[in-house]
Amino acid sequence: MAGTRLKDVAERAGVSIKTVSNVVRGEARVADRTRERVLRAIADLDYQPNASARHLRTGRSGIIALAVPELVAPYFAELAAQVIAAAKKRGCTVLIEDTGGSADEELRIACGLSDPLIDGVLLSPLRLDEQALAAREGRVPLVLLGEQSYEIPADHVLIDNSAAAREATDHLLSLGRRRVAVIGQPSGPAHATTVQRMHGYLTALHAAGVPHDPQLAPATRAFTRAEGAAAMRALLTLDDPPDAVFCFNDLLASGALRVAHEHGLRVPRDLAVAGFDDVEESRFSVPSLTTIAPDKRGIAELAVDALLRRIDAGAMAPHSRLTAGYELAVRESTRATV
């Protein structure tokens, strides 16, 4: 509500003004129960911290930026929601940016968007050049997300994509499938996601003694349903079509499932399908989709905490490489039928 002060929030929560200030600024040294009580009072009173005033007073605004390649992609939308929730618990506001996978946009955001009120940036880069990143101006606190790796000091939060892809492929092989296709290989230059997931797929085949057939890896231009459908159609024209397919994301798998249905294939009896990302629609597709489920909440919590530590510690603190968990969510698209 208009005119609500820190003092009002403190009185409602039964704590000191200093404690409320610590919660608003995202300080870690507040007990969880106390933090929850303060956040409840902030919500009840609709307290809105003044970012400009806070910046003048403390040198911080409490605003962080999150930049992803494609916000309309379900995985990034779900990750953004988790980052917003994690930041809110720590008294921060999140500004969302969509880079469109543009190297220029990624660099602009890595430099802090030319906005002095941005305390720090969480960036999921796709095409950002390592030299450009190393020479970036402004030196706003930065944490990288995702598979793209740089040989420069930087805080980085990721999952083990190669291990996850291997586990998904191992699962398909464990069903007795030997013609295991892969959908997601790019028609142009490969980026880190495809390189790491392809490595896991090939590692699983090699360990099982199953030779890799290049025909089972049709090229795709993007991680979309349409591209997944086109790749599946190409696979079904082969003289010896696949009996399983591992897709590099759930949207590709959704397209593959659609084409399997159009061709009268029974999933999983005729064709087992696995995806990657565990977006919400994978749980409601028919059949429901087996997929690698990254711990999106864990990624968000690790990333926000790493950024706040970097904001507090400055450039001289040691950089960290943090790995979040994942699991293989086995559902109807690979579940053995009786």
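- A donor-acceptor pair under 3.5 Å is absent between the side-chain atoms of T194 and the main chain of Q185, judged by distance alone.
- Distance CD1/I159 to CD1/I292: 7.5 Å, rounded to 0.5 Å.
- Under the salt bridge (Lys or Arg N to Asp or Glu O under 4.0 Å) criterion, E262 pairs with R233, R258, not counting sequence neighbours.
- In terms of heavy-atom proximity, D250 sits nearest to L289 at OD1-CD2, 3.5 Å.
- Here the OG1-CG distance, from T334 to L271, works out to 11.0 Å after rounding to the nearest 0.5 Å.
- With hydrophobic clusters built from ILVMFWY side chains whose heavy atoms lie under 4.5 angstrom apart, L71 does not share a cluster with L126.
- Salt bridge annotation for R283-D278: present, with a cationic side-chain nitrogen under 4.0 angstrom from a carboxylate oxygen.
- T323 has its side chain out of reach of V157: every pair of non-hydrogen atoms, C-beta onward, lies at least 4.5 Å apart.
- Remark: the backbone N or O of T99 is not paired with any side-chain donor or acceptor of S102 at under 3.5 angstrom.
- Among all heavy-atom pairs drawn from E281 and S254, the shortest one is OE2-OG, 3.6 Å.
- Minimum heavy-atom separation, V195 to A190: CG2-CB, 3.8 Å.
- Counting only distance, with no hydrogens or angles, the side chain of S285 and the backbone of P287 share a donor-acceptor pair below 3.5 Å.
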| said: Assess the residue pair D44 and R12 against the criterion (salt bridge (Lys or Arg N to Asp or Glu O under 4.0 Å)); give the C-alpha distance rounded to whole Å, side-chain angles, the decisive distance to 0.1 Å, and a yes or no. | reply: CA-CA 9 Å; D44 290 345; R12 172 67 70 93; 3.5 Å; yes
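- With D155 as the fixed residue, the side-chain hydrogen bond (donor to acceptor under 3.5 Å, both in side chains) test singles out one of R310, R321, H319: R310.
- A donor-acceptor pair under 3.5 Å is absent between the side-chain atoms of S320 and the main chain of L322, judged by distance alone.
- Under a 3.5 Å cut-off, the side chain of R177 and the backbone N or O of D243 do form a donor-acceptor pair.
- Cluster membership for L252 and V259, using ILVMFWY side-chain heavy atoms within less than 4.5 angstrom, is shared.
- Put simply, the side chain of L251 does not reach to within 4.5 Å of the side chain of F223, judged on heavy atoms.
- Pairs engaging residues 255-277 under the ring-ring contact (aromatic ring centres under 6.0 Å, His included) rule: none recorded [sequence neighbours left out].
- The backbone N or O of R221 sits less than 3.5 Å from a side-chain atom of E227, completing a donor-acceptor pair.
- Residues in residues 193-214 take part in these salt bridge (charged side-chain N to carboxylate O under 4.0 Å, His left out) pairs, two or more places apart or across chains: E147-R197, R179-D213.
- In terms of heavy-atom proximity, A110 sits nearest to V140 at O-CG1, 3.2 Å.
- Contact check for T34 versus D32: no side-chain heavy atoms found under the 4.5 Å cut-off.
- Just one of H212, R166, Q196, H206 meets the side chain to side chain contact (heavy atoms under 4.5 Å, CB included) condition when paired with Y201; it is H212.
- Side chain to side chain, R331 and S282 meet the donor-acceptor criterion of an N or O pair below 3.5 Å.
- Salt bridge annotation for R108-E105: present, with a cationic side-chain nitrogen under 4.0 angstrom from a carboxylate oxygen.
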Practice problem: Show your reasoning for whether side-chain contact (heavy atoms from CB on, under 4.5 Å) applies to D270 and V267. | Solution: CA-CA 6 Å; D270 302 321; V267 176; over 6 Å; no
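- For the pair V182/F248, a side-chain contact is recorded, criterion being any heavy-atom separation below 4.5 Å from C-beta on.
- In this structure, the side chains of V180 and L216 stay at 4.5 Å or more apart for every pair of heavy atoms.
- Note: M232 CE to C247 SG = 8.0 Å, rounded to the nearest 0.5 Å.
- D119 places a side-chain N or O within 3.5 Å of a backbone atom of G62 that can act as its donor or acceptor partner.
- Applying the ring-ring contact (aromatic ring centres under 6.0 Å, His included) test to pairs two or more places apart or on separate chains, none has a residue in residues 150-181.
- Contact check for V143 versus L123: no side-chain heavy atoms found under the 4.5 Å cut-off.
- L66 contributes atom CG, which lies 9.5 Å from atom CD1 of I109 (distance to the nearest 0.5 angstrom).
- For T19 and S16, the side-chain atoms include at least one donor-acceptor pair closer than 3.5 Å.
- In plain terms, the two heavy atoms of P268 and S333 that are nearest each other are CB-O, 3.1 Å.
- In this structure A86 satisfies the side-chain contact (heavy atoms from CB on, under 4.5 Å) test together with R90, A300, E301, V304, sequence neighbours excluded.
- The two residues L235 and A181 make their nearest non-hydrogen contact at CD1-CB, 3.7 Å.
- Contact annotation: the side chain of I84 never approaches that of T93 to less than 4.5 Å [non-hydrogen atoms, C-beta and beyond].
- Neither L328 nor L158 shares a network with the other; the hydrophobic side chains, linked directly or stepwise wherever heavy atoms of I, L, V, M, F, W or Y lie under 4.5 Å apart, form separate groups for each.
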Fill in: Worked check of side-chain contact (heavy atoms from CB on, under 4.5 Å) between V210 and L173
CA-CA 9 Å; V210 175; L173 292 166; 4.1 Å; yes
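- Counting heavy-atom neighbours within 6.0 Å of H199 NE2, excluding the residue itself, gives a total of 12 or less.
- Judged by distance alone, with hydrogens and angles left aside, the side-chain atoms of E106 form a donor-acceptor pair with the main-chain N or O of L128 at under 3.5 Å.
- Counting heavy atoms from C-beta outward, I299 and P294 have side chains that approach closer than 4.5 Å.
- Note: L39 CG to K89 NZ = 9.5 Å, rounded to the nearest 0.5 Å.
- The CD1 atom of I42 lies 9.5 Å from the NZ atom of K88; values are rounded to the nearest 0.5 Å.
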Distance-only donor-acceptor hits, side chain of residues 73-80, under 3.5 Å, sequence neighbours excluded:
| unit_1 | atom_1 | unit_2 | atom_2 | d |
| --- | --- | --- | --- | --- |
| E78 | OE1 | K296 | NZ | 3.3 |
| E78 | OE2 | E280 | N | 2.8 |

